[in-house]
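Beneath this line is the structure, given in structure tokens, with notes to follow.
On a predicted model such as this, the values are computed, not experimentally measured, just so you know.
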Amino acid sequence: MQKLLDLISIEVTKAFAGAGYEEQYGKVTLSNRPDLCEFQCNGAMAAAKQYKKAPFLIADQVAAALQGNGMFSSVDSVKPGFLNLKLSEDYLADYMNRMQADERLGVEPAGHGETMIVDYGGANVAKPLHVGHLRSAVIGEAIKRMGRFMGYHMIGDVHLGDWGLQMGLIIEELRDRKPELVYFDESYSGEYPEEAPFTIGELEEIYPAASAKSKVDGDFRERAHQATLKLQNGYAPFRAIWKHIMDVSVADLKKNYGNLNVEFDLWKGESDADPYIPGLIADLQEKGLAYESQGALVVDIAREDDSKELPPCIIRKSDGAALYATSDLGTILEREKLYAPMEYIYVADKRQQLHFTQVFRVAKKAGYVKPETKMIHIGFGTMNGKDGKPFKTRDGGVMRLEHLIADINEAVFARIMENREISEGEAREIAKMVGLSALKYGDLSNQASKDYIFDIDRFIAFEGNTGPYILYTIVRMKSILKKYAAAGKCAEGKSILPAKTAEEKDLMLVLSRWNSVMENAFEEIAPHKICAYIYELANAFNRFYHGTKIMAEEDDTVQAGYIRLLELAKATLETGIHILGFEAPEKM
């Protein structure tokens, strides 16, 4: 479906052309004075300069040409030269009915199956997810879902940290704790056990202990470094331990990401890029792009038009070790080979901006991606506590993500039990859904690049700009539909009727902007714009609800029209929250 603003602009453009003026002046925008009109056109002000004519005379001519146009209920020329437009209730109702008949609610797909890769998550194996992983997961999932809704083939990759020194640290700590394991018996030649020699709980304790030990024990750190090299060079016993680490960690990560309703198509890691790195380094050298600097191998990325000095990208350290940039470039080579995406979207802390600038420029400079391939870093700000500092536990530590989710769910559960007489089990299930909406909406409603204050009390509120408020509105809609069905009525096949009240028309006008909002939100990769829209839509519906006696309406045709409008608003809200990554319960 064409966007409503475009359809209005077409009619106004025709009127400008019919009055002898260029079509470019016919663009219509939403009114910045909704108390006066719904849409406005300021083209006469610009046309006045070209045609050397008073703008109000031009506006008068265009307004006269639009009189009798069935799209508008009123067209007013207002000095010094504005066109104030109000849409016909009949035309708007027809637009609503066409929107409702479209399975995509009027949104034209921008893509046609082209591939985009979203790199988000970025968890390290052998470590629990903590609050620092929240934003990447939540924002990345929303972007992936937005892209799918807009018609693209979106591939989400968790891109695990699974190949660095942490692996050597775990291996050597395991050796110190359990030296009898067959992995440390150099004479052993049999099959390695299927069962891991540790649980996820033990693994999560082993790594920090090993990390702390390496800071005070130089010999241990050197052993870990050598173990890492042996692992990366294919040493079978250490590869077997690494596989155990991956199996145990990934199962736990899938569970915890699942609690966030976050799913990945690929569970790749830095280890998958490793086979590409030797060829990558050789290629950069052969092309004359990589050169030695202070013992390291680097590639210049600076351009003449840079506003600030950018350092070279280090490809290999002086000790021969690869870096994150090397791994990311190797990953790009693999992705090009397997998927050849038209666009890369990396969701990571905004403090990594330089890193991604370096990686993108090397990839383009070396010809690893096409010149037209888009490479974007969505840099997000930090989640802060009420003190304005990065969110911590009460004792100052980094909070595990599962504990944060549990705290929110418990707070929502307590609020539900205060006001509702339902079973504890049912309240727990509802609390999970409402808690997830509070967490995700609380994050996504902020512009990604900005820091924000994490405030549980505000996020779980059932009123105001919160996830629970959006869910409460949807639950209210579901309740009305159940009462309508219980009365033995069915609105299927009926039409949305022209608005009778200002609240009803306002709801329709907000609904009419859904396709425009989705298109713009994805173009700008801005999930917060969807949040702003569904909050506005929920408010518009609640004003309509409070001003309209839906169930008490005696005229069955009018009542069915209300129900059809409610169904359209509900479908739009549910589509919006699904894209954001959460769902609504049946009751609250």
Side-chain angles (χ1 to χ4, degrees), residues 109 111 113-162 200 246-272 331 334-335 338-339 341 343-348 376 378 380 400-402 404-406 408-409 429 432-444 448 467 471 518 521-522 525 527-528 530-531 574-585:
E114 298 92 339
T115 298
M116 294 186 186
I117 287 182
V118 188
D119 185 314
Y120 65 109
N124 289 310
V125 300
K127 300 182 190 178
L129 290 176
H130 56 75
V131 292
H133 294 109
L134 176 69
R135 300 213 70 190
S136 178
V138 167
I139 297 168
E141 182 71 15
I143 291 169
K144 182 188 71 181
R145 291 174 179 232
M146 287 166 67
R148 284 184 180 161
F149 185 74
M150 294 306 293
Y152 293 95
H153 175 220
M154 307 296 288
I155 299 174
D157 187 357
V158 67
H159 196 66
L160 298 167
D162 66 347
I200 185 62
M246 294 299 293
D247 289 344
V248 170
S249 291
V250 169
D252 187 65
L253 288 170
K254 284 183 176 179
K255 181 192 77 174
N256 283 292
Y257 277 123
N259 290 336
L260 277 176
N261 201 16
V262 168
E263 295 178 349
F264 299 95
D265 305 288
L266 302 176
W267 285 82
K268 297 261 187 186
E270 293 168 356
S271 58
D272 292 282
T331 299
E334 183 186 48
R335 288 170 176 169
L338 298 178
Y339 311 108
E343 187 166 331
Y344 290 86
I345 302 171
Y346 292 79
V347 184
I376 300 167
I378 303 297
F380 54 79
R400 290 175 65 144
L401 197 48
E402 62 183 305
L404 179 70
I405 293 171
I408 288 182
N409 291 349
E429 289 305 308
K432 284 181 187 177
M433 298 180 80
V434 177
L436 186 62
S437 79
L439 184 64
K440 286 196 159 187
Y441 191 92
D443 188 298
L444 292 168
L471 297 196
M518 272 308 304
F522 187 67
I525 315 182
H528 72 278
I530 299 176
C531 293
E574 287 180 326
T575 303
I577 66 170
H578 176 75
I579 290 168
L580 296 175
F582 54 93
E583 311 295 332

Intermediate values then yes/no, side chain to side chain contact (heavy atoms under 4.5 Å, CB included), V138 and L439: CA-CA 9 Å; V138 167; L439 184 64; 5.7 Å; no

Distance, nearest 0.5 Å, that separates CZ of F582 from CG of L471: 6.0 Å

Spatial distance of atom CG (N409) from atom CD (E429) [nearest 0.5 Å]: 10.0 Å

Between CD1 on residue I378 and CD1 on residue I143, distance to nearest 0.5 Å: 5.0 Å

Test applied, side-chain contact (heavy atoms from CB on, under 4.5 Å); reference residue, I117; option that passes from I345, I155, L266: I155

Backbone of G156 reached by a side-chain donor or acceptor of D265 within 3.5 Å: yes

Heavy-atom closest pair, residues E270 and D162: N-OD1, 3.0 Å

Electrostatic pair E263:K144 at N-O distance under 4.0 angstrom: no

Distance-minimising heavy-atom pair for M154 and V118: CE-CG2, 3.6 Å

Minimum heavy-atom distance between I408 and A438, given as atom pair plus value: CG2-CB, 4.4 Å

Residue pair L160, W267: steps toward the side chain to side chain contact (heavy atoms under 4.5 Å, CB included) verdict: CA-CA 7 Å; L160 298 167; W267 285 82; 4.2 Å; yes

With a 3.5 Å cut-off and sequence neighbours excluded, list the donor-acceptor pairs that the side chains of residues 250-259 form with protein atoms.
unit_1, atom_1, unit_2, atom_2, d
D252, OD2, N256, ND2, 3.3
N256, ND2, D252, O, 3.0

Donor-acceptor under 3.5 Å (D272 side chain, G269 main chain): yes

Min side-chain heavy-atom separation R400-L129 under 4.5 Å: no

Centroid separation F264 to Y120 less than 6.0 Å: yes

Approximate separation, where rounding is to 0.5 Å, of K440 NZ and L260 CG: 6.0 Å

Gap separating the OG atom of S136 from the CD atom of E141, nearest 0.5 angstrom: 11.0 Å

ring-ring contact (aromatic ring centres under 6.0 Å, His included) pairs, two or more places apart, involving residues 135-155: Y152-F522

Beyond-backbone contact of E583 with E574, side-chain heavy atoms, under 4.5 angstrom: no

Heavy-atom neighbours of K432 NZ exceed 12 at 6.0 Å: no

Distance in Å, L580 CG paired with I139 CD1, rounded so as to fall on 0.5 Å steps: 11.5 Å

Main-chain N/O of A448 paired to R135 side chain as donor or acceptor, under 3.5 Å: yes

Sequence-distant partners of H133, ring-ring contact (aromatic ring centres under 6.0 Å, His included), two or more places apart: H130

Polar side-chain atom of N261 near backbone of G581 as donor-acceptor pair, under 3.5 Å: yes

I530 vs M518 side-chain heavy atoms within contact, under 4.5 Å: yes

Main-chain N/O of A126 paired with S249 side-chain donor or acceptor, under 3.5 Å: yes

Side-chain donor or acceptor of Y339 paired with backbone N/O of T115 under 3.5 Å: no

